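Computed from a prediction, not measured in an experiment: that's the story for all the values here. What you see below is based on every heavy atom in this structure, not just the backbone, and it leaves out hydrogens, waters and symmetry mates.
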Amino acid sequence: MTVEDTSESAFGNHGRYLRIDVGSSATRSEPIDEQELRKFLGGSGLGTYLLLRENAAEIDPLAPEAILAFVFSPLVGSPLTTSAKFAVVSKSPLTNRLNDSLASSRFALAGKKTGYDAILITGKAARPSVVLVTDDQVRVEPVDGLWGRSCPDTEQLLRQRYGPDFQAAVIGPAGEKQVRYATISHDGRHAGRGGSGAVLGSKNIKAVLVQGSQRTTWSQPGQLVERAKELSEKSFGPATAKYRELGTAANLLLLNRLNALPTRNFRQGSFDEAVELSPEKMNVTRDKTRASCAACTIGCEHIYGLSTKDAATGEKRQGTRLEYENLFALGSLCGIGDADYVLKASRLCDELGLDTISAGGTIAFAMECVERGLWDVPWLQFGDGEALLKAITWIGQRQDVGDSMAEGSRRLAEEIGHDTMRFAPQVKGLEIPGYEPRALQTMGLGFAVASRGADHNRSSAYEIDIAEGSQRHHLQPDAATGAAETENRAAIMDSLILCKFLRGVFENFYQESAEMLEMVTGWKVNAEELKETAQRIVTARKWFNIRAGWQPAEDTLPDRFFSESLADDDRARMSRADLQESIRAYYRHRGWSDDGWIQEDHLQRLGIDPSQGQNP
């Protein structure tokens with residue numbers, strides 16, 4: 001179907017989004033006012049605005065009417081390093097709250113060149129299908145032979161069928177089965193958290209393919225190229241050295257020494273076998289190659305060799321990407337110190353299209369329930385690598401007890417009962433990442449208040465906790481301000497979009513970001529405007545959640561963190577009263593009520609339409 005152009009392009013943006021109903025194949029190009037683009041930028045910010053505009057907050061995330069948005073940004077396609085990123089924004093089937101996940105890949109570059117700042121998917125196809133978007137045409141095509149295929153196999157088959165010029169975002173079997181933490185994958189990288197793959201699977205869509213030739217122009221191309229060179233040079237400096245040398249797993253041994261590495265479902269903060277999982281050890285015991293995301297000069301991706309047996313050919317080498325969150329969630333959290341099993345489990349999650357943090361968190365929770373005699377699955381034990389692989393396989397296929405674990409730890413706790421919710425490792429339904437809240441208490445505050453649920457990417461408050469001289473076992477008076485500021489910086493980086501590994505290269509983050517944005521768009525932006533933009537984006541996310549049914553009791557941590565100290569660190573226990581006081585201070589810092597509600601006049605001051613997000 002041909003799509004009619006309804007907008008005029010501006011520097012850095014196309015000024016429109018594409019809305020596709022995959023049930024009827026109806027498409028519509030909708031204009032986006034330039035003022036709204038300036039207010040919400042792109043990526044996570046623009047995606048939140050569009051979902052509010054589409055009144056998506058009150059819709060069941062797995063209903064045909066639900067919206068899934070692929071969102072680009074003004075910086076995508078520019079020469080700025082790490083800018084080839086896209087956001088996937090929807091209501092989460094895991095949390096029933098706003099979900100925004102980011103991925104770096106050529107899909108972002110090709111998607112923006114279709115001529116849209118975002119592509120929204122709604123409806124449900126009658127049979128398994130793919131969506132193809134080009135410069136002037138949209139097709140929803142039924143496909144045979146793809147349903148049930150792994151993410152890598154699907155991408156390979158799509159390249160063979162449609163050619164290498166198309167870039168595809170795909171789901172694996174977990175997305176097809178609507179596992180509530182299924183991912184969307186491109187080229188081995190995942191929009192991972194919150195279950196966006198389940199939303200796409202609920203629409204009977206196996207893949208979205210994009211190809212285009214419509215480039216946006218830049219307001220100040222000469223200055224932009226020079227700034228891009230400077231930023232690339234800085235990205236080779238000491239601020240990113242650990243990521244180049246060891247990858248995202250660089251902090252594993254540090255966190256272990258701080259008793260902040262979650263172990264055996266958050267009962268311990270250190271793991272005896274952490275060294276076996278460390279990049280320092282794997283660098284000398286395994287083959288390794290480095291790779292970079294599209295348009296990235298940092299090269300944090302470390303791919304390690306994994307020996308597997310093939311019945312036809314014998315032993316062969318396979319590469320597996322090593323990330324810190326995979327090591328923690330599939331390693332220490334489940335009590336598994338055998339690196340082979342952890343790498344195999346990580347690869348299996350990639351193939352099935354599963355978020356490793358939620359998979360590991362749910363399995364570790366299930367292991368503790370079994371250990372306590374509360375769930376009759378005797379084969380599922382801490383430290384058993386074969387059990388880990390079996391559990392992941394069953395989750396991805398929703399087989400037997402895997403069907404219950406596919407719902408995530410919160411729903412599994414509701415099913416098992418026996419007060420197991422107190423140690424289910426989740427906030428708002430989203431499993432907690434690899435930072436022990438009792439040992440890193442500002443990070444614990446960040447987990448509690450984050451709109452997406454327990455989230456280290458939207459709040460990097462652990463930076464405050466591990467700074468020299470910090471009192472990380474206690475919430476400090478300025479914790480709320482610090483947590484909010486890390487959240488604000490993340491909101492800008494996730495909306496521009498730039499990789500967070502660049503955050504250490506900026507001397508004045510807001511000013512330098514404003515200058516880059518002006519070079520691309522021509523907007524006369526300054527640091528103060530971007531700070532207000534960050535406040536607007538964070539508040540818009542919260543407003544979406546309020547429209548979706550948020551209540552103040554959601555902004556907390558599991559009871560375990562208040563009632564138990566770490567087995568290996570008696571100092572590591574949180575005060576419920578101190579956390580609640582810090583949460584109230586955070587709300588006040590945001591301009592919300594002491595209970596976290598947002599007044600309409602505050603929304604209006606920030607340029608958020610209070611009527612958006614409310615169904616008529």
Closest non-hydrogen atom pair between [X] and [Y], with its separation:
X: Phe562; Y: Ser575; answer: CD2-C, 4.0 Å
X: Gly361; Y: Asn265; answer: O-OD1, 4.5 Å
X: Pro79; Y: Leu224; answer: CD-CD2, 3.7 Å
X: Phe86; Y: Ser105; answer: CE2-OG, 3.5 Å
X: Ile32; Y: Glu36; answer: CG2-CB, 4.3 Å
X: Cys334; Y: Gly360; answer: SG-O, 3.7 Å

With rounding to the nearest 0.5 angstrom, report the [atom1] to [atom2] distance, [X] to [Y].
X: Leu330; Y: Glu325; atom1: CG; atom2: CD; value: 10.5 Å
X: Arg180; Y: Asp355; atom1: CZ; atom2: CG; value: 15.0 Å
X: Ile466; Y: Leu255; atom1: CD1; atom2: CG; value: 7.0 Å
X: Tyr49; Y: Glu54; atom1: OH; atom2: CD; value: 10.0 Å
X: Met421; Y: Arg411; atom1: CE; atom2: CZ; value: 10.0 Å
X: Met574; Y: His473; atom1: CE; atom2: NE2; value: 11.0 Å

Is it true that atom NE2 of His474 has more than 12 heavy atoms of other residues, nucleotides or ligands lying nearer than 6.0 Å?
-> no

Might you confirm whether atom CG of Asp272 has over 12 heavy atoms from other residues, nucleotides or ligands at distances under 6.0 Å?
no

Below 4.5 Å, heavy atoms only, C-beta onward: do [X] and [Y] meet side chain to side chain?
X: Asp100; Y: Arg458; value: yes
X: Ile464; Y: Ser470; value: no
X: His602; Y: Ile598; value: yes
X: Asp555; Y: Trp550; value: yes
X: Leu50; Y: Val89; value: no
X: Arg452; Y: Asn99; value: yes
X: Trp597; Y: Pro552; value: yes
X: Met516; Y: Val520; value: no

Are [X] and [Y] close enough that a side-chain donor and a side-chain acceptor fall under 3.5 Å?
X: Asp465; Y: Thr442; value: yes
X: Ser358; Y: Arg193; value: yes
X: Asp609; Y: Ser611; value: yes
X: Gln511; Y: Glu515; value: yes
X: Ser44; Y: Asp494; value: no
X: Trp523; Y: Glu529; value: no
X: Ser270; Y: Asp568; value: yes

[Y] backbone acceptor or donor facing [X] side chain under 3.5 Å:
X: Arg267; Y: Ala567; result: no
X: Ser90; Y: Leu68; result: no
X: Thr183; Y: Gly192; result: no
X: Asn251; Y: Leu254; result: no
X: Ser73; Y: Ile497; result: yes
X: Glu512; Y: Asn508; result: yes
X: Ser232; Y: Ala228; result: yes
X: Glu431; Y: Ser409; result: yes
X: Asn545; Y: Leu98; result: yes
X: Gln268; Y: Thr263; result: no

Would you call [X]-[Y] a salt bridge at under 4.0 Å N-O?
X: Glu485; Y: Lys531; result: no
X: Lys281; Y: Glu276; result: yes
X: Glu532; Y: Arg536; result: yes
X: Glu581; Y: Arg588; result: yes
X: Glu564; Y: Arg573; result: no
X: Arg560; Y: Glu368; result: yes
X: Arg489; Y: Glu463; result: yes
X: Arg590; Y: Glu487; result: yes

Residues passing the ring-ring contact (aromatic ring centres under 6.0 Å, His included) test with Phe271, sequence neighbours excluded, are none

Tyr510 meets the ring-ring contact (aromatic ring centres under 6.0 Å, His included) criterion, sequence neighbours left out, with none

Tell me whether the rings of [X] and [Y] are parallel (<30°), tilted (30 to 60°) or perpendicular (>60°).
X: Phe447; Y: Tyr435; result: tilted
X: Trp592; Y: Tyr587; result: tilted
X: Phe506; Y: Phe509; result: perpendicular

| Do Arg541 and Trp543 meet the cation-pi criteria used here (NZ or CZ under 6.0 Å from the six-membered ring centre, within 45° of the axis)? | no

Practice task
Would you please test Arg576 and Asp559 for salt bridge (Lys or Arg N to Asp or Glu O under 4.0 Å) and show each step?
Solution key: CA-CA 9 Å; Arg576 192 186 301 271; Asp559 285 349; 3.3 Å; yes

Of Val76, Leu80, Thr81, the one forming a side chain to side chain contact (heavy atoms under 4.5 Å, CB included) with Ser78 is Leu80

Given the options Arg97, Lys428, Arg410, Glu554 meets salt bridge (charged side-chain N to carboxylate O under 4.0 Å, His left out) only with Arg97

Aromatic ring centroids of Phe365 and Phe423 under 6.0 Å?
yes

When you look at Thr362 and Leu412, which way does the side-chain contact (heavy atoms from CB on, under 4.5 Å) test go after all the steps?
CA-CA 8 Å; Thr362 302; Leu412 182 58; 4.2 Å; yes

